[in-house]
Amino acid sequence: RLGVSVQSLTPDLAEYFGVKDGVLVTAVTKDSAASKAGMKAGDVITSLNGATVTSAADSRRRAQRLASGDEFTLGIVRDRKPMTLKGTVDARQPTRSPMRVVV
């Protein structure tokens, strides 16, 4: 829905990125809602609309609740600094891929 591929964080990755919970953004689809909001690969999503994100499945479930035209707020960590990104959901994006979780 947002146009990002994510993976759950292992404890080592969480420590490396300086977060307790979240999902690592591994790719951002060009011209997607996330791209337009300023998301970059390497960001860690920690919340979506104020709800803590703890796993790739959790982020997917939360993103699927968003409808086209809905506004969203992402809590992220970039370079060990918390940030907030805001955007609007575009037309439906693919939600499944055999190799990655797309939200």
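In this chain, numbering begins with 1 at the start of the sequence shown. In this text, all values refer to a predicted model and were calculated from it rather than measured experimentally.
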To the nearest 0.5 Å, atom CG of Asp21 lies from atom CD1 of Ile45 at 13.5 Å

Just so I know, are the side chains of Val53 and Leu74 near enough to count as touching, which here means a heavy-atom distance under 4.5 Å? no

The reported gap from OG1 in Thr10 to CD in Glu15 (rounded to nearest 0.5 angstrom) is 9.5 Å

dist Asp12:CG -> Tyr16:OH (nearest 0.5 Å) comes out at 12.5 Å

Distance col, row Leu48:CG vs Phe72:CZ, nearest 0.5 angstrom, shows 8.0 Å

Output for pair (Ser35 OG, Leu2 CG), nearest 0.5 Å, gives 11.5 Å

Q: May I ask you to test the Val25-Lys40 pair for a side-chain heavy-atom distance under 4.5 Å?
A: no

Heavy-atom nearest pair, Ser8 first then Ala56, reads OG-N, 2.9 Å

Subject >> ILVMFWY network linking Leu85 to Leu24, side-chain heavy atoms under 4.5 angstrom >> reply: no

| query | Do Thr29 and Val4 come within less than 4.5 Å of each other through their side chains, counting heavy atoms only? | reply | no

With a 4.5 Å limit on heavy-atom distance, are the side chains of Thr52 and Thr46 in contact?
no

Determine whether a donor-acceptor pair (N or O, by modelled atom type, separation under 3.5 Å) exists between the side chain of Thr26 and the backbone of Ser5. yes

In short, salt bridge (charged side-chain N to carboxylate O under 4.0 Å, His left out) pairs touching residues 62-82 with sequence neighbours left out are Asp43-Arg78, Asp58-Arg62

Notebook entry, point to check: Do Ile76 and Thr84 have side-chain heavy atoms sitting under 4.5 Å apart?
Noted result: no

When every non-hydrogen atom of Gly3 is compared with those of Ser32, the smallest separation belongs to O-OG, 3.5 Å

To the nearest 0.5 Å, atom OG of Ser55 lies from atom CZ of Arg60 at 11.5 Å

Please answer: with hydrophobic residues joined when any side-chain heavy atoms are less than 4.5 Å apart, are Val28 and Val77 in the same cluster? no

Go through the steps to decide whether Gln7 and Val23 satisfy the test side chain to side chain contact (heavy atoms under 4.5 Å, CB included), and finish with yes or no. CA-CA 6 Å; Gln7 74 178 47; Val23 293; over 6 Å; no

